[in-house]
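Quick one: structure below, then a few questions.
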Amino acid sequence: MARDFFCERLVLTSDGGVREIDLAHAVVCVVGPIDTGKTTLADCIKYALGLPVAWREVPGERLQTVTLFVRIEGMRIGLRRSLVRDVSDVELLDSNGGGAEEILGVETQPDGGRRVVGEVLLDLLGLGEMFAPPSAVALLGAGARLTFEQLYAMCYLTQDVVDGTESVRGKANTAQSYRTVVELLLGLTDGPMRVLTARKDELTRTLTDLRRRTETISAFLTGSAADLETELARSHEEECAALQRLEEFKGRMRAATAHADPLRRRVLEAEQVLERCRRAVAEGEHALGRQQQVQQLTDQRAHGPQPCSPCPVCRADLTVRPVPEGDCPLCLSALDPAVLAQSLHAAQDALAAAERQLTEQVKAHSEAQTAWEQARIELDARTREEISPLAAQIEGLAAAHATARTRTTLLERQLEPHRRLAELHRSVQTCEDELKGVREEIRTRKNLLAHRRTTLGEFEEHFTELVGSVGLPGDPGARLNHTSLLPQVRAGNLTKVGHGVRCAINVVYRMAFLSYALVTGATDLPSFLVIDSPRKNVGYGADDQELVGRLYTHFLDHIAGVRSGGALRARPHQIIIVDNDLPQLPKRLLDQMHVIELSRDNPLVP
C-alpha cells in the first residue's frame, strides 16, 4: 500500500532570526512573487532530507540551519542540517523534545561508522530491502543499490523538470534506474526478481569473459593436446628413470664415502698432531732465541763492564767518565768475578737445554709429517680408486636428469594453455548451466508477477483518464511509453507539443502516481508530492489560464478529495504546490488548501 510521508513543520534559522512554517495540511500552496522564497521552501525540505541542493544566492548566504519535522509511516522524527558547518551531517531529532538522538551522514563513508540519512528514511518507509537488496548489492556492488534521492525524484517535480521531456524522471535518475524505481513502486517487479536479474547479469558477463578468453587461447594454440600429453608422460618416465639411477649412484657414493671415513679420520688426526708439532717447534725456536740473547748478555758482562751512556736519571753523557777496571759502569761499585762466572755457566746450561729440546721437537715434527703424508697418500689412493669414478658417473646422471626435467618443464608449459582451455570449457559449461537455471527461475518469477502487468494497464488508464479530464487543447493523445514508463504523445516525445501542454502532461503524469496510490492503495509510492510553478510554466494567456484552472481542479478532485463511487476515501497524503499565484478556483477547492503567502516584505527567509 501507499507509504505515509507527511511534512508537519519546517523551522528556518537565518541571520534575520527564526521562522517556523506550518505544513501540517493535506494540501499546501505556497504563493508569492519571484524571489520571495517559494522554491527555497521546497529546497529546504529537500536539504533537511540529506539531499543535494543548488541554493540561490540570498538564501544560501543568510540561512544557517534547516529543521524539518516529518511523519513517516506513523513515526514522527525531526531532521536538522546546518548550512554553515558540518554540512555533511544531519541530526536526527526527537520530535517531542527536539534533542539530537543521532548524527547521520549525508553520504556513505568508506569507514561505515555512521548511518546515512537516506538509508534511514528508506528503512522507515519499509523500502530498504526493496531498494537495496543485500544479495543483489553483493553481486553487482553499488550498481544494484537504489537510493532515497532516486525515490524522492518521483515526489518532487522541480521547476526545471516540470517543463521537461524525458528528463521528467528527475536528474537523480538514469533511464534504467527510473524504470526500476517505477516498476518497484507499481509492483511490476520485486526484490527476488532484482536478485535474479543481478545474478543473470553477472553470469552473462562472466560467460562473455570466459568465451572471450577461450577464443583468445584457442587462436594461439597449435598441435594436439593428446600428443603433448603422451610426450609429457614419456618425458616423465625418462625423468623418473634418470632420477632413480642418480639416487642409486648417490647411495653407492655415500657407501664409498663411509668406507673412506676411517682414512679421513686418520688424516685429520695426523694433521692435528702435525699442527701441534709445528707449534712446539716454533715455541722451541723462540725459547732458543731468548736463551741466545741471555747468553750473549751474560758473556758480555763476564768479559768486563761496558760503558753506559747517557745517565738513566739525568741523561748526562757518561762516555768520558773514567770507570776503574772491574767496576760497574753505572754505580762504579766493584763487581764480583765469581758471580759473573756463575751467571755465565747458568746461561750456557740453559742454552744447551733449549737446543736439546728444539732438536727433539724437530724430530717429532718430522715423524708427524711422515705419518700425515702416509695417511694422505692412502686417502688419495682410496678416493682415486673408489670415489672419483662414482663422482664422474653421478655428474653424468645429474646432467641427464636435468635434461629430462627441462624437457618435462617445457612440455608442461606447452600443455598448460591446453589445460587452461579445457578448464575454461568446463567453466563455460558450468556457467551456461547455471545461467540456464537462473533464466528458468526468472521465467517462473515473471509468471508469478504476470498478473501485476494489469497494474501497469490500470495505471495507464488512470493517467489517460486524468489527461482527458484536464482537457488538453488539440487532443495530443498523451499515453504511457511501456519501454521508458515516461509520458509521450501521439506524435512521439513531448517535444512535439507546445510548452503549456507539455507542462500540463508532466504535472498530470506525476499527479497520476499519487492519485493512483490513493485510489487503489496498491503501490509503494510515498503519498507525498511537491510541484514547483505549474501555473507559471503553463502560461498566462486566456486559454492557458483555463487549462491551469482545469489542472488545479482535477488535481484537487483526484487527490485532495479522492472519491470512489461517491464515497470519500481518506488516505494519508500531502501535496505542496509552489506557484506565483493561484488560478480562479471554486470555494470548495480553496477551502481544501492551506495557503502560505509570501511577499517582498515577508519573504520566506527572514
Side-chain angles (χ1 to χ4, degrees), residues 5-25 28-30 32 35-72 75-107 114-122 124-125 147-149 151-153 155-159 170-172 526 528-532 574-578 594 596 598 602-606:
F5 191 98
F6 192 88
C7 295
E8 296 184 334
R9 186 160 46 103
L10 183 66
V11 180
L12 307 180
T13 303
S14 69
D15 294 342
V18 178
R19 179 162 188 176
E20 184 171 331
I21 298 98
D22 178 20
L23 299 175
H25 303 273
V28 178
C29 292
V30 184
D35 294 335
T36 55
K38 302 183 303 297
T39 299
T40 299
L41 186 143
D43 287 342
C44 287
I45 295 175
K46 183 178 179 183
Y47 186 73
L49 295 173
L51 302 176
V53 170
W55 293 105
R56 289 161 176 78
E57 183 177 355
V58 174
E61 291 178 350
R62 295 180 57 81
L63 275 174
Q64 295 176 350
T65 62
V66 175
T67 305
L68 175 68
F69 293 93
V70 61
R71 185 189 71 219
I72 303 177
M75 178 177 290
R76 287 179 168 82
I77 62 170
L79 298 169
R80 180 167 59 209
R81 188 176 178 188
S82 172
L83 279 79
V84 294
R85 59 180 180 83
D86 298 331
V87 296
S88 60
D89 297 338
V90 175
E91 294 179 275
L92 179 62
L93 307 179
D94 179 0
S95 61
N96 296 322
E101 293 184 344
E102 184 179 356
I103 303 298
L104 306 175
V106 172
E107 297 180 352
R114 293 186 304 176
R115 294 198 297 168
V116 178
V117 60
E119 295 176 357
V120 172
L121 294 172
L122 284 177
L124 291 176
L125 287 167
T147 65
F148 179 76
E149 182 179 5
L151 173 64
Y152 192 74
C155 304
Y156 182 21
L157 195 60
T158 62
Q159 184 172 322
K171 295 180 181 178
F528 177 75
L529 181 60
V530 178
I531 300 180
D532 192 352
Q574 185 175 41
I575 305 96
I576 299 176
I577 305 173
V578 174
H594 173 69
I596 299 175
L598 302 176
N602 180 34
L604 178 74
V605 181

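Counting begins at 1 with the first residue of the sequence. Reckoned from all heavy atoms, side chains included, excluding hydrogens, waters and symmetry mates.
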* Check whether any side-chain heavy atom of Leu598 sits under 4.5 Å from a side-chain heavy atom of Ile596, and report yes or no. => yes
* May I ask you to decide if Glu101's main-chain N or O and Glu91's side chain share a donor-acceptor pair within less than 3.5 Å? => no
* Asked: Would the number of heavy atoms belonging to other residues, nucleotides or ligands and lying under 6.0 Å from CD of Glu107 be above 12?
  -> no
* **Main-chain N/O of Leu49 paired to Arg81 side chain as donor or acceptor, under 3.5 Å** => no
* Look at the side chain of Thr13 and the backbone N and O of Gln64, then say whether any donor-acceptor pair between them is shorter than 3.5 Å. => no
* Do Ile576 and Ile45 come within less than 4.5 Å of each other through their side chains, counting heavy atoms only? -> yes
* Report yes or no: does Lys46 contribute a side-chain atom to a donor-acceptor pair with the main-chain N or O of Val53 at less than 3.5 Å? => no
* To do: Check whether any side-chain N or O of Tyr47 sits under 3.5 Å from a backbone N or O of Ser82 as a donor-acceptor pair, and report yes or no.
  => yes
* Does the side chain of Phe148 reach to within under 4.5 Å of the side chain of Leu125, using non-hydrogen atoms? -> yes
* **Close side-chain approach of Val11 and Phe69, heavy atoms under 4.5 Å** => yes
* Determine yes or no for a side-chain-to-main-chain donor-acceptor pair under 3.5 angstrom, with Glu8 supplying the side chain and Arg71 the backbone. => no
* To do: Kindly assign one of parallel, tilted or perpendicular to the pair Phe5 and Phe528, based on the angle between their ring planes and the thresholds 30° and 60°.
  => tilted
